[in-house]
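Take a look at the structure below.
Just so it is clear, the model here is predicted, and its values are computed rather than measured. Each chain gets a letter, A, B and so on, in the order its sequence line appears, and its residues count up from 1.
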Amino acid sequence: MLPLELIRKDPDRVRRAAELKGEPAPIEEILALDMEWRRHVHEAETIKAEQNRLSKEFAKSRDSDLKDNLREMADRSKAELGEADAVKRQLDDLLLRVPNLFDESVPVGKGEEDNVVLRDWGSKVQLGFAARTHFDLGEALGIMDFERAARVAGSRFAFLLGQGARLERALAQFMLDVHTREHGYTEVLPPLLVNSASMTGTANLPKFGADAFRVEGHDLWLIPTSEVPLTNFHREEILDADRLPLKYTAYTPCFRSEAGAAGKDTRGFIRLHQFSKVEMVKVTAAETSMEEFEKLTADAEDILQRLGLHYQVMVMCTGDMGFAQYKKYDLNAWCPGLGRYLEVSSCSVFNDFQAMRANIRYRPARGAPPRFVHTINGSGLALTRTIDAIIETYQRADGTITVPEVLRPYMGGLEIIGARPAS
RNA sequence: GGAGAGGUGGCCGAGUCCGGUUGAAGGCGACGGUCUCGAAAACCGUUAUGGGUCACUGGCCCAUCGAGAGUUCAAAUCUCUCCCUCUCCGCCA
């Protein structure tokens, strides 16, 4: 969330950012409620101060007139405080619905069409034959099964089998190894269910509850991304500055209801209720967040490059970057079978927007007052779609798939998926 | 799941029965100072967070002892609900 102080001092800036993001922001209501809240708080505290003073006097005098007077004061201060709390609750709820500001470098735009490709790496693979889709190849090879998944769970689920399942395991190992050994991240195996406070901390609540799965009868949600447990790991903490930046990575399944995505990407291993992802999360000091954001993006790109996948880096425009993000890059990998790029990573910097919600602070120097940390996260990478890009990029004319060299050690030396045994 | 014990400041730990100058003793740690060539020891001092307000590089006030509600003039202390931790039993991977 944004500091109330900022909305008081510079409401126009907040209004403009919300407008360009295409998000409604209840600034007028907030300002009105803020005034009302402060009026009640001031009144309540004034009465309470006097009541506290006289109460000490009563402890000595036991004067019955004074007691009557105090009882009346207690009623009044309680009533005022009740009013103040009620208004504050409304105010806080509205504050959680105000979108984040965005960085100067973010292009202004309305939607997808206004995103800007910053750079690309590699080039579209020349196969020399008609490219097939990953789901076509995957089903033919018996490494993907959508039909049985529909029977066992429902639409938007998939089975990976045999060398396909192994491919995902290999990718996860490979990514985690690179991030932990070379990029300096700490590997985490987090809870896959989190409470509402955590979901609010990362801004998945209150606005986006419909996108996640909730466990019936419990205050628990299936994580839509491990960003939620990783970022909330330090919720309600004050960290020492010399510990920053903290860097975490986790391989987990992610669960999304995909409400509102009806009819979109229904074919293939693209938009599922459950998919897995290696996530990277950084907790940084305010001064270094933009730099660390670029580095985190580079860490994700490093994986794509080692896998030999052609991709582009796209900076999301104001209208497409999301409610909570301060700046966001999407990494899109080329899939020749689909004939389009698939988003395999989304890297975002939030500044203190999540930190304020999750109340994660750090002490810049000894004795200095605490400040909110900045949080950053990005996929490094989404496993499912990376598998799609690999299958489509490394497909061979006979429908088998070459295993990218960096993955072979993780696949027991296997070079080709689907090859018939030599015997 | 059953029975019991407990959750207090950066940490340890009093206080809770018998409610009141206790935002909280004492210890440890950390920081500043005295001493010393320097260090250690000793001694002195400092050491929570959020918020409101004002004649604002400071003062005054309010809140916070797991969370929430209640009783009371007054709650860390009494009552209720919830959450969490520990021990034992049961059950399991």
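- With ring centers used as reference points, A:His374 lies 6.0 Å or more from A:Phe293.
- Regarding A:Leu220, its CG atom lies at a distance of 12 Å from the P atom of B:C83, rounded to whole Å.
- One atom, CG of A:Asp85, and another, P of B:A67, lie 15 Å apart when rounded to the nearest Å.
- If you check every strand for non-hydrogen atoms under 4.0 Å, A:Arg39 touches nothing.
- From A:Gln173, atom CD reaches atom CG of A:Leu176 across 7.5 Å, with rounding to the nearest 0.5 Å.
- Pair check for B:A63 finds B:U49; Watson-Crick or G-U wobble, both atom distances under 3.5 Å.
- Distance CZ (A:Arg89) to C1' (B:G68): 11 Å, rounded to an integer number of Å.
- Proximity note for A:Ile238 (side chain, C-beta onward) versus B:A74, B:G52, B:U49: the nearest is B:U49.
- In this structure, A:Asn359 places its CG atom 9 Å from C1' of B:U49, rounding to the nearest Å.
- Of the residues in residues 48-67 of chain A, A:Lys48, A:Ala49, A:Gln51, A:Asn52, A:Ser55, A:Phe58, A:Ala59, A:Arg62, A:Lys67 come within less than 4.0 Å of RNA chain B through at least one heavy atom, sorted by number.
- Within 4.0 Å (heavy atoms only), A:Arg76 reaches no atom of the nucleic acid at all.
- Remark: of the listed residues A:Leu95, A:Leu101, A:Asp352, A:Leu101 is the sole one forming a side chain to side chain contact (heavy atoms under 4.5 Å, CB included) with A:Leu2.
- Shown here, B:C78 forms a base pair with B:G70; the pair counts as Watson-Crick or G-U wobble because both key distances fall under 3.5 Å.
- Rounded to an integer number of Å, the gap from A:Ile47 CD1 to B:A63 P is 13 Å.
- For residues 180-204 of chain A, the set of pairs meeting the salt bridge (charged side-chain N to carboxylate O under 4.0 Å, His left out) definition, not counting sequence neighbours, comprises A:Asp177-A:Arg181, A:Glu182-A:Arg306.
- Remark: the backbone N or O of A:Met280 is not paired with any side-chain donor or acceptor of A:His179 at under 3.5 angstrom.
- Rounded to whole Å, the separation between the P atoms of B:A30 and B:C35 comes to 22 Å.
- Spacing between B:A25 and B:U79 at atom P, rounded to whole Å, works out to 25 Å.
- The P atoms of B:G1 and B:U46 are separated by 49 Å, rounded to the nearest whole Å.
- With both pairing distances under 3.5 Å, B:G1 is matched to B:C89 as a Watson-Crick or G-U wobble pair.
- Separating the OH atom of A:Tyr362 from the C1' atom of B:U49 is a distance of 18 Å, rounded to the nearest angstrom.
- Residues A:Glu227 and A:Gln354 bring a donor and an acceptor atom of their side chains to less than 3.5 Å of each other.
- Atom CG in A:Leu4 sits about 8 Å away from atom P in B:G52, given to the nearest Å.
- Ring centroids of A:Phe350 and A:Phe372 are separated by 6.0 Å or more, keeping the two rings apart.
- A salt bridge does not link A:Asp320 to A:Lys110: none of the charged side-chain nitrogens sits closer than 4.0 Å to a carboxylate oxygen.
- Residue A:Arg71 places at least one side-chain N or O under 4.0 Å from the OP1 or OP2 atom of B:C73.
- Once rounded to the nearest 0.5 Å, the distance linking CG of A:Leu331 with OG of A:Ser379 reads 7.5 Å.
- Look at A:Arg8 and you'll find a side-chain N or O under 4.0 angstrom from OP1 or OP2 of B:G52.
- Candidate nucleotides B:U72, B:G50, B:C62 were compared by shortest atom distance to the side chain of A:Glu45, and B:C62 ranks first.
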**OP:** Check the pair A:His42 / A:Arg38 against side chain to side chain contact (heavy atoms under 4.5 Å, CB included), numbers first and verdict last.
**Re:** CA-CA 6 Å; A:His42 185 68; A:Arg38 283 196 282 180; over 6 Å; no
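- An OP1 or OP2 oxygen of B:G10 is reached within less than 4.0 angstrom by no side-chain nitrogen or oxygen of A:Arg363.
- If you find the closest nucleotide of RNA chain B to A:Thr46 and to A:Arg361, the one lying nearer the 5' end belongs to A:Arg361.
- For B:U87 and B:U22, the C1' atoms lie 32 Å apart once the distance is rounded to whole Å.
- Within 6.0 Å of CZ in A:Arg8 there are more than 12 heavy atoms belonging to other residues, nucleotides or ligands.
- Heavy-atom nearest nucleotides on RNA chain B were determined for A:Val41 and for A:Leu70, and the one closer to the 5' end corresponds to A:Val41.
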Subject >> A:Phe146 and A:Glu139: CA distance, side-chain angles, deciding distance, side chain to side chain contact (heavy atoms under 4.5 Å, CB included) verdict >> reply: CA-CA 8 Å; A:Phe146 300 99; A:Glu139 287 187 307; 3.5 Å; yes
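- Straight-line distance between the C1' atoms of B:G19 and B:C78: roughly 8 Å, to the nearest whole Å.
- The CZ atom of A:Arg38 sits 18 Å away from the C1' atom of B:A63 (whole-angstrom rounding).
- B:C84 and B:G26: their P atoms are spaced 35 Å apart (whole Å).
- Taking a 4.0 Å limit (strictly below) on heavy-atom distances, residues 186-204 of chain A does not reach RNA chain B anywhere.
- Remark: the separation of the P atoms in B:G23 and B:G38 is 43 Å, to the nearest Å.
- Among the heavy atoms of the strands lying under 4.0 Å from A:Lys78 is at least one base atom, whether or not backbone atoms are also near.
- In this entry B:C28 has B:G10 as its Watson-Crick or G-U wobble partner, both defining distances falling under 3.5 Å.
- Taking atom C1' in both B:G7 and B:A76, the straight-line distance is 12 Å, to the nearest Å.
- When Watson-Crick and G-U wobble pairs are counted only if both distances are under 3.5 Å, B:C43 pairs with B:G33.
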